[in-house]
Amino acid sequence: MSNKLHIAVARRFWCCAVRRARFVLFPTLTALLLTGCGGGLQSVLNPSGPQSEHISGLWWFMLITCTIVFVLVMILLFAAVVKGRKGFPDPIAPPEKETRESERRRGVVVAVATAITIAILFVFIVDSFFVGRGMTAELDRKQGINIEVTGHQWWWEVRYQDVDASSIFTTANEIHIPVGVPVTFSLKANDVIHSFWVPNLHGKKDLIPGKISTIWLQADKPGIYRGQCAEYCGHQHAHMALWIFAEPREQFDAWRRAQIQSAASPATASEQRGQQVFLSSACVMCHAINGTPAGSNFGPNLTHLASRKTIAAATLPNDRQHLAQWVDDSQQIKPGNRMPPNKFSPEDMQALLDYLQSLK
Amino acid sequence: MSTRPVIDVSELPHHGFDTLDTIWWGNNLLLAIETSMFVLLIATYFYLRQNFELWPPPLAQLTAPLDPLPDLGFGTANAILLLISCAPMIWADVSARRGSQSGTQRGLLICLLIGFVAMVLRGFEFRAVKFRWDSNAYGSIVWFILGMHMLHLLTVTCETLLLTGWSFVREFDMKHRVDITALAVYWYWVVGIWMVLYAVVYFAPRVS
Amino acid sequence: MTEITGTAGVPPASRNASTEVTAKPSNSAFHEVGRDGRDPSEDEREIKELERVWACPPGIYGWFTDTDHKAIALRYVVTAFVFFLFGGIEALLMRIQLARPESHFLSPDLYNQVFTVHGTTMMFLFAVPIMTAVGIYLVPLMVGTRDVAFPRLNNYGYFVYLIGGILLYVSFFLNTGPDAGWFAYVPLSGPGYSPGKRVDIWAQMISFTEISALSGAVVVIGTVFKMRAPGMSLHRLPLFVWAQLVTSFMIIFAMPAVMLASSLLASDRLIDTHFFNPAEGGDAILYQHMFWFFGHPEVYIIFIPALGFVSSIVITFSRRRIFGYTAMVLSLIATAFLGFGLWVHHMFATPLPQLGQSFFTAASMMIAIPSGVQIFCWIATMWGAKLNIKTPLLFVLGFVAIFVLGGLTGVMLASVPLDLQIHDTFFVVAHLHYVLIGGAVFPLFGAFYFWFPKWTGRMLSERLGKWNFWLMFIGFNLVFFPMHQLGLKGMPRRVYTYLPETGWASLNLLASLGALVLGIGVLIFIVNFFWARRFGAVAGPNPWGADTLEWSLTSPPPAYNFQRIPVVEGRNALWDQSTEAPVVVGLSSTKRETLVSSVVDAVPELRYELPGPSIWPLLLALATAETFIVGIFTPWAFLVGAVLTFAVFVGWFFGNPNYENVDAKQPPDETNFASEDLRAEEA
């Protein structure tokens, strides 16, 4: 009962969060998280997809059962202590003799308690088994979309697969998915083990070098969900987050069409200069911008950088000031990350920022 | 507190063979540790095998012989030699129990010799593998198995050396006769575990 | 006495044809003797002789060579406790860092070292060694013998452990502390992603501590199986000793896995093997299997000895025989078996077949049954008894509360679907500290209060003890309870900081404040320790009226433990003793002689002479140290190590050190084989 109640309450909170998040962008996102939901965008207890819903049901069931067990054991313990609190005999005296009857009665209690334990565990085992099966059985994979996620130290490469090779595109750290459609994630790791985890939608799955793991999930409601790497992966494990944007189908399709395009050509003189700066500096060693000679995929693909809400694996808001700081010396912000500092003249930097911000 | 003697042990012996003596237990517990280790190594071997389409993988360079399977010659010779070595060790074992110093000495000397020969043969076995430890996971695990067993060969041979030395230069006392029976258990174990490892290293890749 | 004659009987004739063994006793190896009418002066002479024979050599040389299990165990306890304090300071540093979002108190590099060293310290340098250490002190006393079965192996084990701990901390202070987590998953810990020597140091430290743990296990099993006093058949073994025995067996089968895993990792790093390199057919998951095949039993290796403490304390402070002795013993054994069948629940998030996972869910949940049975039996023991509510019992009551909660969250984690959500989050951090601090550290502190009088001869202060308990109990729950909620709110483990918008700040601040309270609790223990050393009430042999044999001796016990080996008349040795305690006579007081008895019924078999103080264990430990530490830099160290080791063995075997103050023909002891095998395992 209280399980359902809680879910209902959580949902109400959730809806308010979603409604606001859809209209306001990143700066207010922060404010939103701090008020109202307090972390509800990355929470096991705010399920927004069928799988997380299943798991949360199991959680409440186990929590209530275990709480009852805990309270009962504590009552027993407490009663034993209160009963025996007074009148401990002289330690030198021989231990008191116990009656057969008391032995027998206690034996029965221990046996019953053990039997109850076994019964509860049995129910738990069966329940988890069926919840586990339910999680994988319900979604029909064929109709969904396929996304390949590759873990890097310390960001996520996201590749939208398609039967049509020209529709395949790559982005980073922000994943858009259509609402109500099952999404299959193929998970790979480029360097060390990472773990893909968006608690509002599903449990986690490890990304392991040399292996491909699969997880599929579905968002039932439009919204923004935060995820974070859940397997220790070195220095900046703490700053390896991602966002999932669950959108109505049309909105998703529009986004997808935009992402398939090559990068916008620089329009203004400053943007052109910025592109030159980009192409003639160390940037091209790691980053790709489709439609330009820059084609390395060691770092995140920047073709549509300006369409993202965040940079640095969902660590900073994607605005001019943060972008400037990041390009200049990202080591100050995320020590140990793979991007070296870049010393540009102020003019070059402004031009570069103009160019990067034009990559819608 | 007043006490009441109820058992007089002044006539009990100081040493006894097998389970009587603590050394038998210490020795066997250490062998249990080593056995766990080898079981895990064998599990590792088969686990890694799942990652290969061909086991062992085909040889990269054409200069080498085309057959990537480990050559049977030296391994088999070593296996037979080690099996044979049980005979002198049993001789030493039984002599030690009977208190026959000369029998023990001869048995141990033969074992010592066999131990050295087995280590030389093991050197050739590494070559028979045709992969280096750093060529791929197959090479790594096979070298590791051979190496770990070689280490035991070395240890058991050194121990034999020490006890042989003792039996010549010091008193052939009860304590060391018990030690020799414990050494024998170790020796049988080294031989026994090699039979399993031999089958894994040389025949597991041939049976697919 | 009738019972004694029944169990003692005639020892089985030696199975061997040895004339020497069977010839001596005519038809009975020992005979019963009546009340002996020895005058007190003879007693005094015997004690003088024993004191001389069992004395520790003087000075620093004596410290290095002593084989007295009590001295070694206390060193172990103190060393492990110092590491506990180091680990605790690291924990406080982490809590300061996490108290607020985006804190710059620790750099990510330092934080990663700190949490790795914290985990490594607590698991390998504190929890396992201190449990073994308490066992090494008490097991020989509880089974009624004069020392452990392999005293020199015991000494070697301590030095190897000490060197391993020093290695870790020296490198940590030189800023080369390991930073890949206490589990050191590949490939992060592999040659490609952890350049430098940090992980090598971790891997070699594992070798040191595991050699030490394995030596300890062999020592304990040998002692329990072969050194028990007459009358202490297996069904009369104190539960404490059962717990130590079961743990030692677990060590023997679990520790090789981590030694192998760390050796393979080291060889991947140092000589370019490819065990874990997927590009050459190696496998990252293989490492996880090996690590957790050790790692899960490890939890029980820490926890089962603590169950032994709890049983001892419950029995003493409720002044009752334990309820359901057989069920308790079977539960311990069942826990040990099941403990090996659930390592995969640490790997539910990896791509593994689902059917296999269900098996591990079932096994992981089933292990709650034996734990439950034991909790119920303890409550049943206390039920209706008059309780002596002193600090040790308080810690045990605290243990029950915390451990039950930790056990219940453990059941939740066993469920695959739920685990996928809370695995590797702060929920797990909360869970593991509930089971490890609740399940092991609370009983350990209870054990400190309980056995401190035996170890030092003085009582710890009850008043400070109550403060100590309540501050630790409240502090502990303040730190770790909020972490459950943090995990559910999405906070992953091992993050050096978090963004303000995640909403994790207030609970983290609460946890950090709790850490302060917990820290003060531990500090009070230290104060109490120093206070009691100087001003504590003199304890006398048995201040609590406890039932096991160590309480029949002076506090602290003499070097030789028992002037005469006792004959045990019941499960609760002292409570079941007749007014005139039956004892064994006939052991030499001019040699380090003790009684070796049969495994099941403890029938006397041999008068066994134990080896005395020796410098060789220390030298062997140094040879081991050379091998592993220099081995980080060059593989030639292994060759040098082999030569050094052999040289040490020659000396050990043929040498005739001054301090073997026994027969001139004192033969070397069995430890030489023992240690050599251990070394063989590692190199």
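Every chain is numbered from 1 and lettered A, B, ... according to where its sequence line falls, protein lines coming before strand lines.
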Looking at [X] and [Y], what are the two nearest heavy atoms and their distance?
| X | Y | result |
| --- | --- | --- |
| B:His14 | C:Glu593 | NE2-OE2, 3.0 Å |
| C:Ser263 | B:Phe144 | CB-CZ, 4.4 Å |
| C:Ile271 | B:Asp134 | O-CB, 4.2 Å |
| C:Val599 | B:Trp25 | CG2-CZ2, 3.2 Å |
| B:Ala32 | C:Ile252 | CB-CG2, 4.1 Å |
| B:Gly26 | C:Val218 | CA-CG1, 4.1 Å |

Side chain, backbone, both or neither: which part of [X] has an atom under 4.5 Å from a heavy atom of chain B?
| X | result |
| --- | --- |
| C:Ile565 | neither |
| C:Val596 | side chain |
| C:Phe253 | both |
| C:Phe276 | neither |

*Please step through side-chain contact (heavy atoms from CB on, under 4.5 Å) for the pair B:Leu12 and C:Leu606, ending with a clear verdict.*
CA-CA 5 Å; B:Leu12 279 182; C:Leu606 303 172; 5.8 Å; no
*Show the numbers, then the answer: is there a side-chain contact (heavy atoms from CB on, under 4.5 Å) between B:Trp133 and C:His274?*
CA-CA 8 Å; B:Trp133 69 90; C:His274 298 291; over 6 Å; no
In the structure I gave you, are the side-chain heavy atoms of [X] and [Y] within less than 4.5 Å of one another anywhere?
| X | Y | result |
| --- | --- | --- |
| C:Met227 | B:Thr22 | yes |
| C:Glu280 | B:Ser140 | no |
| C:Tyr287 | B:Thr44 | no |

Hey, could you give me the [atom1]/[atom2] distance between [X] and [Y], rounded to the nearest 0.5 Å?
| X | Y | atom1 | atom2 | result |
| --- | --- | --- | --- | --- |
| C:Glu605 | B:Thr19 | CD | OG1 | 6.5 Å |
| C:Thr645 | B:Leu154 | OG1 | CG | 10.0 Å |
| B:Met148 | C:Leu260 | CE | CG | 7.0 Å |
| C:Ile251 | B:Ser36 | CD1 | OG | 12.5 Å |
| B:Leu30 | C:Ser215 | CG | OG | 8.0 Å |
| B:Thr3 | C:Phe562 | OG1 | CZ | 13.0 Å |

*Would B:Trp143 and C:Thr273 satisfy side-chain contact (heavy atoms from CB on, under 4.5 Å), going step by step from the backbone distance to the final call?*
CA-CA 10 Å; B:Trp143 273 70; C:Thr273 53; over 6 Å; no
*CA sep, side-chain torsions, deciding dist, call: C:Asp283, B:Tyr47, side-chain contact (heavy atoms from CB on, under 4.5 Å)*: CA-CA 9 Å; C:Asp283 200 298; B:Tyr47 192 98; 3.5 Å; yes
Side chain, backbone, both or neither: which part of [X] has an atom under 4.5 Å from a heavy atom of chain C?
| X | answer |
| --- | --- |
| B:Ser135 | backbone |
| B:Arg132 | neither |
| B:Val178 | neither |

_Heavy-atom donor-acceptor pair, C:Lys226 side chain to B:Ile23 backbone, under 3.5 Å_ =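 No: the side chain of C:Lys226 does not pair with the backbone of B:Ile23.
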*Any sub-3.5 Å donor-acceptor pair from B:Asn51's side-chain atoms to C:Gly282's backbone N or O?*
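Pair found, side chain donor or acceptor close to backbone of C:Gly282.
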*B:Leu161 pairs by side-chain contact (heavy atoms from CB on, under 4.5 Å) with which of C:Phe646, C:Phe649, C:Phe653?*
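Of C:Phe646, C:Phe649, C:Phe653, side-chain contact (heavy atoms from CB on, under 4.5 Å) with B:Leu161 is met by C:Phe646 alone.
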*Determine whether more than 12 heavy atoms belonging to other residues, nucleotides or ligands lie under 6.0 Å from atom CD of B:Gln50.*
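Result for CD/B:Gln50: enclosed.
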_Tell me whether the count of non-hydrogen atoms from other residues, nucleotides or ligands lying under 6.0 Å of CZ in B:Phe124 goes above 12._
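Not buried by this count: 12 neighbours or fewer within 6.0 Å.
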_Option that, when pairs with chain C are counted at under 4.5 Å, heavy atom only, ranks first among B:Thr35, B:Val39, B:Asn136_ =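 Top option by heavy-atom pairs under 4.5 Å: B:Asn136.
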